[in-house]
Amino acid sequence: MGGAQSEREEKVSLELTEEILQSMEVGMTFRDYNGRISSMDFHRTSSYLVTASDDESIRLYDVASATCLKTINSKKYGVDLVCFTSHPTTVIYSSKNGWDESLRLLSLNDNKYLRYFRGHHDRVVSLSLCARKECFISGSLDRTVLLWDQRAEKCQGLLRVQGKPATAYDEQGVVFAIAFGGYIRMFDARKYEKGPFDIFSVGEDVSDANIVKFSNDGRLMLLTTSDGHIHVLDSFRGTLLSTYNVKPISRNLTLEASFSPEGMFVISGSGDGSVYAWSVRSGKEVASWMSTEMEPPVIKWAPGSLMFATGSSELSFWIPDLSKLGAYVDRK
């Protein structure tokens, strides 16, 4: 029985199920931050994670060994959003000092700026890197979305928006989305200057767009808004599949949500600091974790892994508690 049980446990542990999701808990926490974590990103192919914090630090972690490899301080510019390039120790980040809205390409290896990207005149609120090419897009409160090539300091394209924009590339880097004012506009990355090839509505919700994301297989997308709504859409037809509701957030904060790697579940923060998970298939809430924090955490699922991370005043890695699963398998 013992052998059969461990075999079954091994099987369930490979595929994310509701039971595994419900068993997840904090396995590791880093509490040495002196400010809230404003952004984080997992590298697509390595085990690295990068965080940006209000304490003006950029930190690089190796998730596999659960260690912080490096801390770099950006005292002059501050740091708000951070994203990996294809290289696991090179990042692009936006500043938070209120006077310089340049984006910076930074080598974490030797703490050197490789390039500055100047063009925005107000805070950058969205940053998305293309997985396939050296391109990225940024959206700002100056009501522009700029398209960039990492190899050039000047922006390659400009799109005007009527509101606070959220931007995202799909996993193939073929399409990008810009969300604002209750709509998601879909662009072909090769001929974006022709305007959107499709416009999707998220119903009556015209509150500020926060985060827009595609699932890994590109079939789904989600949009979070400041009123505490997480909309899940079919990214080909634009059909609104589900809307999940959490506590609204205050204006200067961001409600973040993330698809699990195979797109079966959505996890999200909330205006009251809690974390929730829903099944995309049923549209129902499947798990929730309360918090003592009163602000939404940043939240990202680790690529191809049974782990997600949350960032608030501390960084937490969440993993399944296999002892709970053992009890579950036994009960069956």
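Quick note: residue numbers are just sequence positions, from 1.
- The nearest pair of heavy atoms linking Ala257 to Val266 is CB-CG1, 4.2 Å.
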Ser57 and Arg59: CA distance, side-chain angles, deciding distance, side chain to side chain donor-acceptor pair (under 3.5 Å) verdict: CA-CA 6 Å; Ser57 71; Arg59 305 186 193 204; 3.0 Å; yes

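- Salt bridge status for Arg36 with Glu295: present, with a side-chain N to carboxylate O gap under 4.0 Å.
- Counting only N and O atoms by type, the side chains of Ser274 and Ser291 include no donor and acceptor under 3.5 Å apart.
- The shortest side-chain heavy-atom distance between Arg251 and Lys164 does not fall under the 4.5 Å cut-off.
- No more than 12 heavy atoms of other residues, nucleotides or ligands lie within 6.0 Å of NZ in Lys76, so this atom counts as exposed by the packing criterion.
- Side-chain contact of Asn109 with Ser107: a donor-acceptor pair under 3.5 Å is absent, judged by distance alone.
- Checked by atom type, the side-chain pair Ser242/Trp278 shows no donor-acceptor distance below 3.5 Å.
- Of all non-hydrogen atoms in Arg132 and Glu171, the two that sit nearest each other are NE-O, 3.9 Å.
- Relative ring orientation between Phe308 and Trp301 is described as tilted, the plane-to-plane angle lying within the 30° to 60° band.
- Counting all heavy atoms, side chain and backbone alike, Leu158 lies closest to Leu147 at N-CD1, 4.3 Å.
- No cation-pi contact links Arg44 to Phe84, judged by a cut-off of 6.0 Å to the six-membered ring centre and 45° from its axis.
- With hydrogens and angles left out, the side-chain atoms of Thr144 and Asp142 include a donor and acceptor closer than 3.5 Å.
- We find that Arg151 and Glu134 are not joined by a salt bridge, their nearest charged nitrogen and carboxylate oxygen being 4.0 Å or further apart.
- For Tyr116 and Tyr113, the ring centers sit closer than 6.0 Å to each other.
- Taking all atoms of both residues into account, the shortest heavy-atom contact from Phe176 to Ile178 is CE1-CD1, 3.9 Å.
- Salt-bridge formation is not detected for the pair Glu18/Lys284: no Lys NZ or Arg NE/NH1/NH2 atom is positioned less than 4.0 Å from an Asp or Glu carboxylate oxygen.
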Go through it in stages, so that I can follow the logic: the residues are Asp227 and Thr225, the test is side chain to side chain donor-acceptor pair (under 3.5 Å), and I'd like the CA-CA distance, side-chain angles, deciding distance and then a yes or no. CA-CA 5 Å; Asp227 276 1; Thr225 66; 5.8 Å; no

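- Counting non-hydrogen atoms of neighbouring residues, nucleotides and ligands closer than 6.0 angstrom, the CZ atom of Phe317 exceeds 12 such neighbours.
- Here the options are Thr85, Thr90, Ile92, Leu106, the test is side chain to side chain contact (heavy atoms under 4.5 Å, CB included), and the partner is Leu114; only Thr90 passes.
- Between Asp80 and Arg123 a salt bridge is recorded (basic side-chain N to carboxylate O distance below 4.0 Å).
- A side-chain donor from one of Glu262 and Ser260 sits under 3.5 Å from a side-chain acceptor of the other.
- Val280 and Gly263 make their closest contact through CG2-O, 3.6 Å (heavy atoms, listed as atom of the first residue, atom of the second, distance).
- Judged purely by distance below 3.5 Å, without hydrogens or angles, the side chains of His229 and Ser207 never pair a donor atom with an acceptor atom.
- Remark: the Ser313 side chain and the Tyr33 side chain contain no N/O donor-acceptor pair separated by less than 3.5 Å.
- A salt bridge is defined here as a Lys NZ or Arg NE, NH1 or NH2 lying under 4.0 Å from an Asp or Glu carboxylate O, and Glu56 with Lys96 fails to meet this definition.
- Asp62 and Ser47 share a side-chain donor-acceptor pair at under 3.5 Å.
- Residues Leu220 and Phe259 approach most closely at CB-CZ, 3.8 Å, considering heavy atoms.
- At a threshold of 4.0 Å, the pair Arg143-Asp122 does not count as salt-bridged, since none of the basic side-chain nitrogens sits closer than that to a carboxylate oxygen.
- Side-chain contact between Trp289 and Tyr276: absent, with no pair of heavy atoms (C-beta onward) separated by less than 4.5 Å.
- With hydrogens and angles left out, the side-chain atoms of Arg237 and Thr239 include no donor and acceptor closer than 3.5 Å.
- Using cut-offs of 30° and 60° for the angle between ring planes, the Phe117 and Trp148 rings count as perpendicular.
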